[in-house]
J.: 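Dumping the structure here so I can ask a few things about it.
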Amino acid sequence: MVYDILIRQVRDIIRQSIIHSDIEYAVEPARSGFGDISSNVAFLLSKRLHQSPADVARIIADGCIIPPDSLIDTIRAHPSGYVNAYARWDKLAYMILESSIREGYGSVKTGQSCIIEHTSVNPNKALHIGHARNIIVGDVVSRILRKAGHKVTILNYVDDLGLQVADIVLGFRHFKYDIEPPKGIKFDAYCGDTIYVDTNAQYDKHPELYKMRSDILYNIEQGDTDDARMAKEITRRVLAAQLSTCWKLGASYDILNFESHIVQSGLWSQIFDKLKKMKIATYESEGENAGCWVIRDKVLVRSNGTATYMAKDIPYAAWKMGIIKNPFRYVRYEGQPGNTPLYQTIIHDDGIEMPLKADMVITVIDSRQSNLQEMISNILYEMGGKNYIHLRYEAVTLSEKTAKDMGISTDGKTQMSGRRGIYVSVDSVYDTLYRKAYSETSKRNPDMGTDALHLTSHVLSVATLRYEMIRQDLGRPITFDMDKSTRLDGDTAPYILYAYARACRVLEKVRDFGHADTSCIYGDKELHLLRLLGMYPIIIRDAASNLSPKVVARYCHDLAVAFNAFYESCTIIGSGAHQGGRLYMTRAFGAVMHDALHMLGIDAPHRM
RNA sequence: GGGCCCGUAGCUCAGUAUGGAUAGAGUGUUGGACUUCUAAUCCAAUGGUCGAGGGAUCGAAGCCCUUCGGGCCCGCCA
C-alpha cells in the first residue's frame, strides 16, 4: 500500500523533528492543492509552545530531515498551520501504477468471517423499488467485505408462513382465481397485484373472511394439510420469480432459510426454554398483558400461546449467531447464475451438513424496524451473542409525480404499500431503464449487433439502478421518481461507465505499450488521477469498516471525473515520449475502475 | 409521552465517525467546445447567514445544550 508507506515516512520524519513525541497527531492524505500528505501536528503543539500554529509549523518543517531514499521530496509549512509533505512522484508514479494493475490490489486477508442477511421479502408479491435498496445495499456490502478479506456467507430469509401467505391461499380458494397467471405476467406480480390486493380489499366488506384466513394460517402451520401444500407451491413459485429479479440485478446468495423449517426444527422451543431459564422472558399473571410471556413490556407469547413477530425473529437470529445448535441440513437450489452454489435449508432429510460460524452477523433491514432489531440485539447479547449488527437504511418513498402517474393522488411523498398495490416494481424500473439504454446505445452504435446491444443495455440498466440505490447515505430516504431516477447522464452509472469505455477504446487501438516511461507523468490532471489510484486501498478499508456502499460509489465517480479530465487534456496515442506512461495510466485506471465497479456489482462494457 | 433519522446552492446530494486550509458535486439557468483517443463528454459563468440560538475551543457545517421544521417507529399486526 503505497499511501501507507508514504504516511509512515512522513510520520517518522515529523517525529524526529519535534521534541514532544508524546502527542498524537494526524498524518493523512492531503486535500487537493495542499501537497500529498498533511499533518495537524502544529495545531496540537501550538498551545503547549505558546506560539501560533503557523510559527510552529515553520519550525517543524525546518527541522525535518528527509532521508535520501525517502519517497518524500519536501515538507513545507503552510501559513494556515498545516505541515504538508510533497512526494517524489518520479518514484511514486511507477509504484502506484505497478501495484494498480496487480491482481487483488487493495485486498487484505483478515481471516474474519461474517454472515449477512438481506432481501428477505415475503413470498407473496413482486419486488418493489424499496426492496431493491435492501437487495443492492446488502449485495454491495457483501462484496465490499469480501474485497476487504472477510469470508462472507449471504442469507435470504423466506417467511413462507405468515398471514400474507394465508391471504393468497384464501384468494385462490375462495375467489377461485386461476392458479396460472395471464400470459406475459410473472407469477409474483400476479399474486401481489391481483390476488393479494383484491383479497385484502374484501376484508372490510366481509368480516367472515378473517375467520377463514386464521383457519388457513393454522392449517399452513400444521404442515400436512391441503392448505399447507398449496401455500408451499405458491411461495416456492413466487420465490422463484422474485429470485429471477434478484439475479437479474446481479445479486446472489449462499443460503435460503425458510420460516417453515425454523418452526419445524424446534428452534423456537429451545430458545424459549433458554429465555425462561435465564429469566429474560417473564410470565405476566396480571395487568394488561395477563397470560402473556413478555420481555420487558413487549409481548413474546400471546395469551393464546402463539408467538409474536418478534418472537419468531429470535430463533433465526440466535441460529445466525451460533448460540444454539444447528438443526439444518442443506440441498442445492438450482438456477443461480455464476459460480456460487445456492443452498436451501431442509428438515428430516439427508441433505449435506454445513457448519456456520461468524465473527460478525449483519442483518440488512430498513430503519422502521430499528426498535425491534435493537431488542433482538439486546436479547442476543444477554445470551452471549456479541456483534449482532443491524445495518439500517431509510426506506424508499415515491415522488408525488410518480405516485400521480400511477393514479394515486397525494400531497408530497408516498409510502409504498404492497397491501394496497401502491408500489413501483423492480421489474418495471428495469424495463424503463432498458428501453432508455437500448435507444441511447443503438443511436450511438449503429454497427452494433443485436446481442451486443441487448447485453450493453442490460448492463447499463442494472448499473444505473444499482448506483442510484447506493450513491447516497443509508441514513437518507430515497424519493424514487421514475423520470429522475432513470436518467443516464450527470452523476449516474453511465457517466462512470463512459469513462471506462473511453479507456478501453484507447487500449484497443494500441496493442504495443512500448516503454512505459513514468518520468513524463507530472501534469496536474495526471497526478490527480495517480493519487486516486493510489488511494484505492484506503477507500476499501473505509468502506468496509463503515459498511458503507456510498464510499465506493463516490470513489468510482471521482475516479471517472479524474480520468475524463486527464483524457480531455492529455493526448494519449501519438504523444511521443509521453505515450508509454499515459497508456500505462489508462491501463491502471481501467484495472482499478473495473475492480471497484465489481464491488458495486456493476459490469463495465468496453463500448457504449 | 418516549425513541431513531434528516435539515448544506432554486432542486437532488457529498463533506460530520477522528474539529483545522479557499464548504464541494450533479441538476437547473446562461454562454462556449465535436474534421481529433466516443459530445452518455468537457470548459466557463451563475448560485451558500451550512434550519435558528447559545456554550466549550486558539479554531465549528462537524462537539455539547436548547429550539424550529420534515420523515419514521413505539399493537396479544407482520
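The figures that follow rest on heavy atoms only: side chains count, while hydrogens, waters and symmetry mates do not. Every chain is numbered from 1 and lettered A, B, ... according to where its sequence line falls, protein lines coming before strand lines. As the structure is a computational prediction, the values presented were derived from the model and not from experiment.
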J.: Looking only at the side chain of A/Lys550 (C-beta and beyond, no hydrogens), which of the listed nucleotides B/C42, B/G15, B/A39 gets closest?
T.: B/G15

J.: Take the angle between the ring planes of A/His454 and A/Tyr434 and call it parallel below 30°, perpendicular above 60°, tilted in between.
T.: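 A/His454 vs A/Tyr434 ring planes: tilted.
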
J.: Quick one, give me the B/S/- string for nucleotides 68-78 of chain B, reading 5' to 3', where B means a protein heavy atom under 4.0 Å from the base and S means that only happens at the primed atoms, P, OP1 or OP2.
T.: ----SBS-BSB

J.: Would you mind reading off the distance between A/Glu568 atom CD and B/A33 atom P, rounded to a whole angstrom?
T.: 15 Å

J.: Give a yes/no verdict on a cation-pi contact between A/Arg213 and A/Tyr203, requiring under 6.0 Å between NZ or CZ and the six-membered ring centre and an angle within 45° of the axis.
T.: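 A/Arg213 over A/Tyr203 ring: yes.
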
J.: Once you round to the nearest 0.5 Å, how far does NE2 of A/His578 lie from OG1 of A/Thr571?
T.: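 Between A/His578 NE2 and A/Thr571 OG1, I get 9.5 Å after rounding to 0.5 Å.
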
J.: Regarding A/Arg531 and the six-membered ring of A/Tyr3, is the cationic atom NZ or CZ under 6.0 Å from the ring centre and inside 45° of its axis?
T.: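 No cation-pi geometry.
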
J.: Between A/Asp167 and A/Thr199, is there a side-chain donor-acceptor contact under 3.5 Å, judged purely by atom types and distance?
T.: no

J.: In whole Å, I'd like the distance from the CD atom of A/Glu374 to the P atom of B/C5.
T.: 10 Å

J.: From the set B/G28, B/U41, B/C37, return the single nucleotide nearest to any side-chain atom of A/Tyr567.
T.: B/C37

J.: Under 4.0 Å between a side-chain N or O of A/Arg502 and OP1 or OP2 of B/A39?
T.: yes

J.: B/C42, B/G24, B/A17: which one has an atom nearest the side-chain heavy atoms of A/Arg31?
T.: B/G24

J.: Between P on B/A25 and CD1 on A/Ile496, what's the gap in Å once rounded to a whole number?
T.: 16 Å

J.: Taking atom P of B/U41 as reference, at what distance in whole Å does atom CD of A/Glu440 sit?
T.: 10 Å

J.: Please determine whether a side-chain nitrogen or oxygen atom of A/Arg554 lies at a distance below 4.0 Å from atom OP1 or OP2 of B/C13.
T.: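 Result: no.
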
J.: Are the side chain of A/Ser52 and the backbone N or O of A/Asp55 linked by a donor-acceptor pair below 3.5 Å?
T.: yes

J.: For the residue pair A/Tyr316 / A/Glu259, report whether a side-chain donor-acceptor contact shorter than 3.5 Å exists.
T.: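 The answer is no; no qualifying pair exists.
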
J.: Please report, rounded to the nearest Å, how far the P atom of B/G59 is from the CG atom of A/Leu45.
T.: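 Nearest whole value for this atom pair: 18 Å.
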
J.: Under a 3.5 Å limit for both distances, which nucleotide forms a Watson-Crick or G-U wobble pair with B/U57, could you say?
T.: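 Pairing partner: none.
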
J.: I'd like to know if A/Asp473 reaches the base of B/A14 with its side chain such that a donor and an acceptor end up less than 3.5 angstrom apart.
T.: no

J.: So if I take every side-chain heavy atom of A/Ser38 and compare against B/C37, B/U27, B/A21, which nucleotide ends up nearest?
T.: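 Side chain of A/Ser38 sits closest to B/A21.
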
